[in-house]
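Residue numbers begin at 1 in each chain, while the letters A, B, ... track the order of the sequences.
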Amino acid sequence: MIYTILYGFTIGAILYFISIGLSLTFGTIRVINFAHTLTYTIGVYMLLTFIGYFKGGFFIAGSLAVLVVIPISYFIERFIIRRLYGESLDYTFLATFAVSLIGVDTIKWIWGVNPYPLSDPIGTYLAIWGLTFPLYRVLIVLIAILLFFALELFFKRTIVGKIVVAALEDKDGVRCLGVNVNRYFSIVFILGSALAALGGVLYAPISSIHPYMGLSVLLLAFAVVIVGGMGSLRGTFFAAFALGMVMAITARYWSQGAETMVFIVMAIVLIFRPIDI
Amino acid sequence: MTDFLVIAGCFLLLTPLLAIHRVTDFMIFCIFVMSFDLMYGYMGRLSFGHMLFLGTGAYGSGLFIKYVTGNPFLAIFMGIFAAGLLGMLLGTVAVRATGACFSLINLAFNQIGFFLVLSPLRGITRGEDGFGVRVSSFGFLNFANPTFKFCFVLLCLLLVFYILKRLTTSPYGILIRSIKEDETRVRFLGYNTFFYKWLTFVIAGCVGGLAGTLTALNYNFVNPNSMDVHSNVGVVFASLIGGAGNLYGALVGGVAYMLISNFLPIYIHRWEMFLGFSLLIIVFKFRRGIWGNIQDIWEYIQKRKGGRRPVEEEVAKK
């Protein structure tokens with residue numbers, strides 16, 4: 001049971017990394033970003049490439065992968081997302097989906113379709129009270145909690161964070177103060193994409209790597225964003241861990257039902273608290 | 001009347017170019033796109049889980065044939081009935097939502113349905129393997145004959161087209177189009193918008209179910225692919241490429257999409273990339289689709305024809 005809980009926390013942490021960017025773009029620019037987990041997949045494949053160069057230096061390769069994602073996400077923001085501000089929802093939906101189709105196909109072109117295995121980069125176990133935990137998973141959870149506090153600080157203390165929080169509340173109001181809101185949105189977008197890539201890099205050793213891995217995670221991230229409330233930073237944090245726990249506990253008793261249970265929770269939340277955007 | 005002849009003629013013209021069973025496939029997809037278009041193009045609700053109804057229709061009729069009787073017409077009725085019932089149930093929940101919420105809740109329902117078919121109901125539906133459908137024949141009403149199948153599907157297509165055409169040009173059709181524009185105002189006029197949205201959801205579900213039953217009868221086979229969440233992209237793409245909010249657009253888009261997805265992968269290896277770029281072009285430059293552009297050109301020609309005379313008269317007066 002304790003292993004199940006740890007597993008739930010790990011999944012929750014990964015979901016948190018991925019959905020925070022989605023939630024921010026949802027809340028600020030009202031764009032349903034289907035291309036969001038594209039950066040997640042790109043991050044993982046970059047990690048694969050760099051790990052070949054650095055002969056197993058996982059953390060160097062991982063941080064390089066996250067850095068490489070930043071210009072790519074800027075490119076996506078500049079040429080696709082920026083044209084979609086204020087567009088009706090279905091078109092943003094389709095344009096970003098098109099971006100993810102192109103991205104996935106490019107990945108298939110470069111790296112091929114076959115799944116790659118990647119082993120646990122640390123491999124040591126942590127022993128507490130006679131129980132052994134894989135250290136890597138504990139590390140993921142710790143990074144997620146650290147990130148949560150870092151983001152809280154970022155949005156409370158720095159001027160960029162404050163502007164974004166204000167824009168989440170009232171975009172036009174902030175614009176009236178003479179702030180170029182779109183520039184800050186692109187910063188938020190890049191931050192979110194980099195965090196998604198970080199999630200991918202951390203999750204890669206404990207899952208399988210294939211070009212479509214982003215799409216399956218994307219639906220889960222949507223569920224997290226909807227359960228947590230769009231554009232709500234704390235809501236996303238708690239929803240991610242709650243849904244991760246739901247997945248882990250369901251998987252323990254009924255392994256096929258894990259992902260579907262998340263959607264059942266999402267449907268129930270939507271029924272009782274419909275959102276209007 | 002002429003449009004029916006033109007539609008039937010176009011599909012008949014396609015048969016010598018492609019194989020007959022392929023055209024049957026195209027027509028079934030066109031029925032499905034029309035049902036999607038009623039909800040997306042006319043009512044402005046983009047659903048990302050419309051495959052659920054196709055799958056429900058296919059499984060409803062397939063299971064009926066497998067466990068009850070081999071009568072294909074009863075099975076078609078059962079398939080539509082199952083999809084309609086599901087639409088009635090889910091509609092009460094889904095229709096309250098708008099925009100992104102509507103898309104995503106449908107996606108969630110579709111995912112749940114796919115999972116139900118795949119895993120917990122494995123005993124009945126045979127899970128991933130699917131099951132064969134064997135229908136009995138009555139004289140010349142023989143579903144094993146591709147020509148009969150073609151004629152039957154063509155009849156169904158024309159019937160659906162007729163019904164949807166009548167519906168969308170009726171006051172009801174104008175009402176759902178006004179809901180697309182501004183729902184609050186429609187409610188302000190005293191209409192129960194919830195009921196009309198629900199009704200549209202159910203009708204779209206029933207027509208989608210009909211497409212599903214025809215798919216099952218066409219392939220003589222039902223498997224979870226008929227409910228696959230990722231296939232929804234195809235319908236959305238078809239509806240947009242043809243021009244949303246128009247039944248002719250749905251037909252053109254359905255045929256265009258089927259041509260692209262059937263023949264392009266043979267010639268272009270990176271066809272997903274092509275699909276992505278063409279979606280981007282549609283979204284940024286080509287919003288009205290093929291049929292919308294045809295309409296624009298037609299209107300332009302009409303204006304040139306009709307508009308010249310008064311100007312010429314004025315010139316003559318001067």
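- In this structure, chain A has a heavy atom under 4.5 Å from the side chain of Leu46(B), while its backbone stays farther away.
- Interface remark: Phe237(B) contributes no atoms to any contact with chain A (heavy atom separation under 4.5 Å).
- Of the atoms belonging to Ser100(A), not a single heavy atom falls under 4.5 Å from chain B.
- With respect to the salt-bridge test (charged N to carboxylate O, under 4.0 angstrom), the residues Glu183(B) and Arg45(B) qualify.
- Between chain B and the options Leu94(A), Leu101(A), Ile102(A), Ile264(A), the largest number of non-hydrogen pairs under 4.5 Å is found for Ile102(A).
- Of the possible polar contacts, none joining the Asp37(B) side chain to the Ala250(B) backbone as a donor-acceptor pair under 3.5 Å is found.
- Classification of the Phe34(A)-Phe97(A) ring pair by plane angle, with boundaries at 30° and 60°, yields perpendicular.
- The backbone N or O of Ser19(A) lies less than 3.5 Å from no partner atom in the side chain of Ser23(A), so there is not a single donor-acceptor pair.
- Proximity to chain A is absent for every atom of Phe274(B), based on heavy atoms less than 4.5 angstrom apart.
- A donor-acceptor contact shorter than 3.5 Å links the side chain of Asp105(A) to the backbone of Met273(B).
- Only the side chain of Phe284(B) comes within contact range of chain A, with heavy atoms under 4.5 Å apart.
- Each of Val236(B), Val233(B), Leu118(B) has some count of heavy-atom pairs under 4.5 Å with chain A, and the biggest count is that of Val233(B).
- For a residue to count as touching a neighbouring chain, one of its non-hydrogen atoms must lie under 4.5 Å from one of that chain's; by this rule Ile80(A) touches chain B with backbone and side chain alike.
- Checking side-chain atoms of Lys197(B) against main-chain N and O of Val95(B) turns up a donor-acceptor pair under 3.5 Å.
- Heavy atoms closer than 4.5 Å to chain B are found in both the backbone and the side chain of Tyr91(A).
- Contacts between Ser278(B) and chain A at a heavy-atom distance below 4.5 Å are absent for every atom of the residue.
- Of the listed residues Leu107(B), Val93(B), Leu280(B), Leu116(B), the one with more heavy-atom pairs under 4.5 angstrom with chain A than any other is Leu280(B).
- When atom types are taken as modelled, the side chain of Asn106(B) and the backbone of Ser47(B) share no donor-acceptor pair closer than 3.5 angstrom.
- With hydrogens and angles ignored, the 3.5 Å screen pairs a side-chain donor or acceptor of Trp198(B) with a backbone N or O of Met88(B).
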